[in-house]
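Protein chains get the first letters and strands the later ones, always in sequence-line order, with residue 1 at the start of each.
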Amino acid sequence: MNARKLVSQTHCTQIPQTIKNSLLCAAIDPPHSNPPFLPKPPSILATGLLKSYFERGLIREARTLFDEMPERDVVAWTTMISGYTSCNLHGRAWVVFCDMMRFTDVRPNEFTLSCTLKACKGINSYSHGALLHGLVMKQGMGGSIYVSNALLDVYATCCVNMDEASAVFQEIRERNDVSWTTFIAGYTHRGDGYMGLSVFRRMLSEGGESNPFSFSIAVRACASVHSCTYGKQLHAAIAKHGLDFNLPVMNSILDMYCRCNSLNDAKQCFNEMTQRDLITWNTLIAGYEKSDPYVSISTYSCMELEGLSPNCFTFSSIVAAVANLAILSCGEQIHGRILKRGLGGNLELDNALIDMYAKSGNIGSARRIFDKMPTKNLVSWTSMMIGYGSHGYGNEAVDFFEEMVKFRVRPDRIAFEAVLNACSHAGLVDKGVRYFMSMVDDYNIAPDPEIFGCLVDLLGRAGRVEEAFKLIESMPFDPDESVWGTLLRACKAHNHPDLGTLAIRKVLALKPKIAATYVILSNIYAADGKWGDSAKMRKLMRRMATKKEAGRSSVEIKNQNYSFVAGDKMGPHMDCVDEVVKILVEHMRHARYIPDLDFFIHDLEDGI
DNA sequence: TTAGGGTTAG
C-alpha cells in the first residue's frame, strides 16, 4: 500500500502519527525483503506522501514531513518546490530552491529548473528568471524543451518587452506546440494582439499543429485588437477542426464576440453552445454590462434559474451594470447578496462597489467601503478620486491623489486624468499644471489627446483662454473636435468671440453634423449684429446637422426605475417628478443660478 | 515529479 492510498483511506486531514513514524523509521531502517516483494524505498513513499499533502492543501503538514525526512533527494526537493507553486506560494518555492542550492549537494535537474522557473513567473520576477537562465546554461540544460519553454514563459510574462523571450524562442531547436502557444500568449497578454496573430500564422506556415490551446490564445488576440473579421475566420477554422464542442475554446469565441461588441453573434454563439459553465455565463453578462445593462442583469437572473452560483466575476459585472444604470436601491440589494455569500472583502468587487455607489450619488457609502478595504490598489484610489470629482469635491479628490502617492501607489494615465479633472473643477490651475508636468517628467507618461483636453479645460475654465489656445497649437498631434469644443466652452464662458469663432470652425470642419455648434455660431453672429450670417448658420444647420437624439432621464420612484424624455407622460408618477423639479428650481434660485438660455431658445425655435 | 489556453474593476 503506498502513501497516497493510506491517506485516501484515512479520510482525514491529519495523517496518523503512527503511520508517519513508520514511514520515517522505514527510511532509517529499511525492511529486509527480497524481490519481487521489495517495497518502494522509503524516500519515494515519503515523497509520494508529500505530494499528496500538497494536493489536499495541507501545506503545514507537507513542510513538517519534508523537514523530518532524513534523506531528501532531488525528487523530494522538486516536489516541495512544485507543491508550493501549485498552492500559489511562489516565494516559498523560491526559498526552497535557494536552500537546496546553499545547504545541500543536491543539484537541480530539468524538473527542478522548470518548476522553479514557474515560481519565478509566479512572483513576476524577471531577475530571478535571468539568474536561473545562467544556471541552465552552466548545467548544460538548455536543450531540455521543458526548461526552454518555462524560461520562455518567464521572459514572455515578466519582461518589459518580448526581446528576451524572442531570443529564447529563436534558440529552441525543436519547438513544440507549447513553445508556440507560450510565445503567442506572451504577445497577446501584453496587448500586442497583432503580433500574437502574426506568430500564430507563422506557426501554421512552419507546420506547427494548431490545437485547442493555440486556437484559444489566437482568438484572444483577435479580441484584444477588436477584429471580429479575423475572429469569425478563426471560429470557422475551429468548427472545421471539430473543436466547437471544446468548452474553453468556445468560451474564448464568446468572449471575442463580446469584446468586439458584436452582441448578436455573441448571443447566437451562446445559444448554440452545447455545454456552458460559470465562465460562459460570466462572459455574456460582462459582454452586456456596458452596452445593455438591463440585459446583463436579466442574463444573471437566467443564470441563477439554471442553478449556477454567481462568483466574484459575476457580481463584478452586475455591480458595474447597476452602476451604469445608477439605480441605488438595486445596487444596495446586490451589495447585500455579495455580503450574504461571503464575498465581501474581495478587492475587485469592492472597487466595483465604490464606483457603483459614487455613480449612484452615494459618495458616503463609497468612502465607507474604501476605508474598510484591507488592501487597496490603484483602481480603488482612482475610483474614489473620480467619485469625489464628479460630486464636486475637487479638493478632496486632490487630497486623495496626494495620499495615494504617499502610500507609494504609482499613478497611471487614468489617475492623472482624474486629478486633472478634479483640479479643473476646483479651480486649482497651477496645481493642475504641476501635476501635468510631474506626469511627464517624474512618471514618464506621454500625454494623450484626453490628457491635453483636461489641461485645456483646466486653463479655459480659469479664464486663461489664450494659454489654452497656445497649448492646443503646441500639441504633438492634430487636435480633435472635443479639444476644440473644450476651448469653445471656455471662449463662451469668458467672452472670447474671436477665438470662439475659430474653435467653432474647427469643430464644424471635423464634425459637421453636430447641431449645437451651428446654434452657438449663429448666436455669436447675432450678438455681433451680423444677422445675415446668423440666419445662414441656421439654414446650414437644417441641411447639415443630424437631428439630436432626445436627452433621456431616469428616475427611481418606489423601487421602480422610470426612463423618460421631455414631454413624456408617466401617469400618476409625473406629479412626483414635477414636485422634484420644483424643489430643484427653488434650490437653484436660492443659489442665485442664472441659466444659460442660448441653446434653449434656439432649440425651441428650430425644433431640435 | 516538469510546461501552454477561456471571465473582473477606475
Side-chain angles (χ1 to χ4, degrees), chain A residues 44 47-48 50-51 54 73-83 85-86 108-118 121 141 144-154 156-157 176-186 188-189 211-221 223 243 246-256 258-259 277-287 289 311-320 323 346-356 358-359 377-387 389-390 411-415 417-418:
Chain A
I44 294 180
T47 305
L50 199 60
K51 188 166 181 277
F54 276 117
D73 60 5
V74 67
V75 180
W77 282 97
T78 308
T79 304
M80 204 60 194
I81 293 166
S82 74
T85 304
S86 68
N109 60 18
E110 66 169 328
F111 292 85
T112 326
L113 288 170
S114 57
C115 287
T116 314
L117 281 165
K118 196 177 178 184
K121 182 190 171 186
M141 283 186 192
S144 159
I145 189 70
Y146 285 98
V147 173
S148 296
N149 285 346
L151 198 54
L152 174 66
D153 202 14
V154 174
T157 311
N176 64 8
D177 50 351
V178 178
S179 324
W180 283 105
T181 315
T182 308
F183 198 41
I184 298 167
T188 306
H189 287 154
N211 57 37
F213 289 89
S214 58
F215 268 126
S216 282
I217 192 66
V219 171
R220 184 71 182 82
L243 290 171
N246 181 303
L247 188 55
V249 171
M250 289 317 292
N251 280 344
S252 69
I253 289 281
L254 179 67
D255 178 58
M256 179 274 296
C258 290
R259 284 178 196 267
D277 63 3
L278 187 57
I279 293 175
T280 319
W281 284 92
N282 284 349
T283 304
L284 193 66
I285 291 167
E289 176 257 298
N311 65 4
C312 290
F313 287 87
T314 327
F315 278 122
S316 202
S317 298
I318 291 300
V319 170
N346 174 279
L347 176 68
E348 285 79 14
L349 259 178
D350 279 347
N351 287 345
L353 285 166
I354 288 175
D355 188 49
M356 183 276 291
K359 282 183 177 155
N377 67 2
L378 177 61
V379 179
S380 329
W381 288 92
T382 313
S383 302
M384 278 307 301
M385 277 192 276
I386 292 172
S390 62
D412 66 355
R413 199 200 65 79
I414 303 174
E417 195 176 331

So what does A:D350 hit on the nucleic acid, given a heavy-atom distance under 4.0 Å: a base, only sugar-phosphate, or nothing? nothing
Students often get this wrong, so: under 4.0 angstrom with heavy atoms, is A:S383 touching a base, only sugar-phosphate, or nothing? sugar-phosphate
For A:K118, what residues pass the salt bridge (charged side-chain N to carboxylate O under 4.0 Å, His left out) criterion, not counting sequence neighbours? none
So, applying side chain to side chain contact (heavy atoms under 4.5 Å, CB included) with A:T78, which one of A:D73, A:T47, A:T112 is it? A:T112
Could you tell me whether A:I279 contacts a base, only the sugar-phosphate backbone, or nothing, with contacts defined as non-hydrogen atoms closer than 4.0 Å? base
Once you apply a heavy-atom cut-off of 4.0 Å, does A:V249 come out as touching a base, just sugar-phosphate, or nothing? base
Donor-acceptor contact present, side-chain A:S144 to main-chain A:M141, <3.5 Å: no
For A:S179 and A:N149 the tightest heavy-atom approach is OG-OD1, 2.9 Å
For A:D153, answer base if it contacts any base atom (sugar-phosphate contacts may also be present), sugar-phosphate if it contacts only those atoms, and nothing otherwise; contact means non-hydrogen atoms under 4.0 Å. sugar-phosphate
Could you check which residues of residues 176-183 of chain A get a heavy atom under 4.0 Å from DNA chain B? Sort them by number, please. A:N176, A:D177, A:V178, A:T181, A:T182
So the contacted stretch of DNA chain B, first to last nucleotide with an atom under 4.0 Å from a non-hydrogen atom of chain A, runs from B:dT1 to B:dG10
Give A:D73 one of three labels, base, sugar-phosphate or nothing, depending on what nucleic acid heavy atoms sit under 4.0 Å from its own. nothing
Would you indicate what A:N211 reaches in the nucleic acid, counting non-hydrogen atoms under 4.0 angstrom: base, sugar-phosphate, or nothing? base
May I ask you to say what A:T283 touches in the nucleic acid, namely base, sugar-phosphate or nothing, with a heavy-atom cut-off under 4.0 Å? sugar-phosphate
Look at all strands and tell whether A:R259 reaches a base, only sugar-phosphate, or nothing, counting heavy atoms closer than 4.0 Å. sugar-phosphate
Using a heavy-atom cut-off of under 4.0 Å over every strand shown, decide if A:L113 touches base, sugar-phosphate, or nothing. nothing
